[in-house]
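Just so it is clear, the values below take in all heavy atoms, side chains as well, and ignore hydrogens, waters and symmetry mates.
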2 protein chains.
Amino acid sequence: MNKPEEFEITEEALKLDHQLCFALYVSSKEIIKKYKPLLEPYGLTYTGYIALLALWEEDDVTVKDLGERLYLDSGTLTPLLKKLEALGLLDRKRGSDERNVFISLTEKGKTLKKETLHIPRDLICSANIDLENARQLRALLHQFMKKI
Amino acid sequence: MNKPEEFEITEEALKLDHQLCFALYVSSKEIIKKYKPLLEPYGLTYTGYIALLALWEEDDVTVKDLGERLYLDSGTLTPLLKKLEALGLLDRKRGSDERNVFISLTEKGKTLKKETLHIPRDLICSANIDLENARQLRALLHQFMKKI
DNA sequence: CACTATTTAATTGCATGCAATTAATATACC
DNA sequence: GGTATATTAATTGCATGCAATTAAATAGTG
């Protein structure tokens, strides 16, 4: 009882290369892989790096606030932040409302910003990124993120 | 000793919203999250689903071949394929070259393709995806994947 | 004030991903 | 044939991510 034209459409729509999710999934994994050798000298993982990027913009924020900016929940952030604390990069302190934990960078954490300034440029080279392609992608992804 | 114009450039380049990697990382995670409720009725995870998408295009392939198509290595695939085997969706059999393990769909695995045909369309609705935005994104991502 | 609902971080359990190593098999080369 | 090399899956160890639950604290309400 398949109408042939509909079958054709769904058949094509099922192919791996037709899936936007798969292109996003692969692109995300591949670019994260490129960061690893650049971050390893600083003892950072990719997740640690993006947490620091967020904190370098604004720190002394709660775990909840940081989680909203990073799209991560406490199940991921709590152990990550404890590791970054153990590295001496940040402090975790309860606020006057004891439910809140405030994250603030240590001097070491602030200094690391300057030492890693070269990473964005290095990544562009190592991942062979076309800047115009990247600019367009970023714009489309931000549109995508707003609606999803 | 910072040249102000260079400092400004790198400062901007360090912001979370300027990172292509972060936009990819968030978009990928968010779209995968949207798949979960659609896949749960079939007992599938996202990774299991993309493995099946690949196998529905071509099965009776080695783990290595499947890994190249999915951008996954045996460390991820071996346990995943064992789970899909336990669900009765595929078989794993050594080839005449005993280093190779060939993956082939069972009847149940083939049947599941028809039962899940609705998922791509359902996802477009639930993730509120703009088709033109998606088409452009996919094209740019494929360019990106080719070069990285 | 007493009681309930809400908020926040932490914890638990499960499913990835990947790098590095291992084990088994096959190939290449002499 | 015999040995070194290469290939393939599997295993191990580590780092996420997320859903669901828990525990503690606060806010809201009568």
Side-chain angles (χ1 to χ4, degrees), chain A residues 21-22 24-37 39-40 42-52 61-87 90-103, chain B residues 21-22 24-37 39-40 42-52 61-87 90-103:
Chain A
C21 65
F22 185 64
L24 286 167
Y25 165 80
V26 170
S27 299
S28 171
K29 287 194 307 171
E30 294 302 312
I31 197 170
I32 287 173
K33 238 181 274 185
K34 295 289 186 180
Y35 273 94
K36 289 190 180 175
L39 296 173
E40 192 274 331
Y42 305 97
L44 293 177
T45 60
Y46 176 74
T47 319
Y49 180 63
I50 62 165
L52 287 174
V61 292
T62 63
V63 172
K64 178 185 165 65
D65 177 80
L66 193 57
E68 281 166 2
R69 288 156 68 197
L70 294 171
Y71 293 74
L72 292 171
D73 74 359
S74 66
T76 302
L77 275 179
T78 296
L80 172 66
L81 293 170
K82 284 180 177 175
K83 277 171 209 161
L84 295 175
E85 184 184 34
L87 287 175
L90 53 80
D91 289 322
R92 298 162 61 249
K93 289 200 191 102
R94 295 274 165 187
S96 63
D97 179 340
E98 298 235 347
R99 289 170 303 184
N100 291 313
V101 169
F102 283 85
I103 308 298
Chain B
C21 64
F22 185 65
L24 286 168
Y25 164 80
V26 171
S27 299
S28 171
K29 286 194 309 174
E30 293 302 312
I31 197 169
I32 287 173
K33 237 181 274 184
K34 295 288 186 182
Y35 273 93
K36 289 191 178 172
L39 296 172
E40 191 274 332
Y42 305 98
L44 292 177
T45 61
Y46 176 75
T47 319
Y49 180 62
I50 61 165
L52 287 173
V61 293
T62 64
V63 172
K64 177 185 166 67
D65 176 82
L66 193 56
E68 282 166 2
R69 288 156 67 196
L70 294 171
Y71 293 74
L72 292 172
D73 74 358
S74 66
T76 303
L77 275 179
T78 296
L80 172 67
L81 293 171
K82 283 180 176 174
K83 277 170 209 159
L84 294 175
E85 184 183 34
L87 287 175
L90 53 81
D91 290 322
R92 298 162 60 251
K93 287 199 191 105
R94 294 274 166 187
S96 62
D97 178 340
E98 297 235 347
R99 291 171 303 184
N100 292 313
V101 168
F102 283 85
I103 308 297

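Phosphate contact (OP1/OP2 of C:dC18, side-chain N/O of A:Lys36, threshold under 4.0 Å): absent. Between C:dG17 and A:Tyr25, a contact under 4.0 Å exists linking OP1 or OP2 to a side-chain N or O. Phosphate proximity of C:dT16 to B:Lys82: absent, as no side-chain N or O sits under 4.0 Å from OP1 or OP2. Within the structure, a side-chain polar atom (N or O) of A:Lys64 is placed less than 4.0 Å from OP1 or OP2 of C:dT8. Of the side-chain N and O atoms in A:Arg94, none sit less than 4.0 angstrom from OP1 or OP2 of D:dA25. In this structure, B:Ser74 does not reach the D:dA9 phosphate: none of its side-chain N or O atoms is under 4.0 Å from OP1 or OP2. Considering only side-chain N and O atoms, B:Thr62 lies under 4.0 angstrom from the phosphate OP1 or OP2 of D:dA9.
B:Leu77 comes within contact range of no nucleotide atom at all, as no heavy-atom separation falls under 4.0 Å. Counting non-hydrogen atoms under 4.0 angstrom, B:Ser28 reaches nothing in the nucleic acid. The residue B:Thr47 sits close only to the backbone: its heavy atoms come under 4.0 Å of sugar-phosphate atoms, none of a base.
Summary for the helix from C:dC1-D:dG30 to C:dC30-D:dG1: the axes at its two ends, each from 5 pairs, differ by 10° when rounded to the nearest 10 degrees.
Mapping B:Ile50 and A:Phe102 onto DNA chain C by nearest heavy atom places A:Phe102 at the nucleotide closer to the 5' end.
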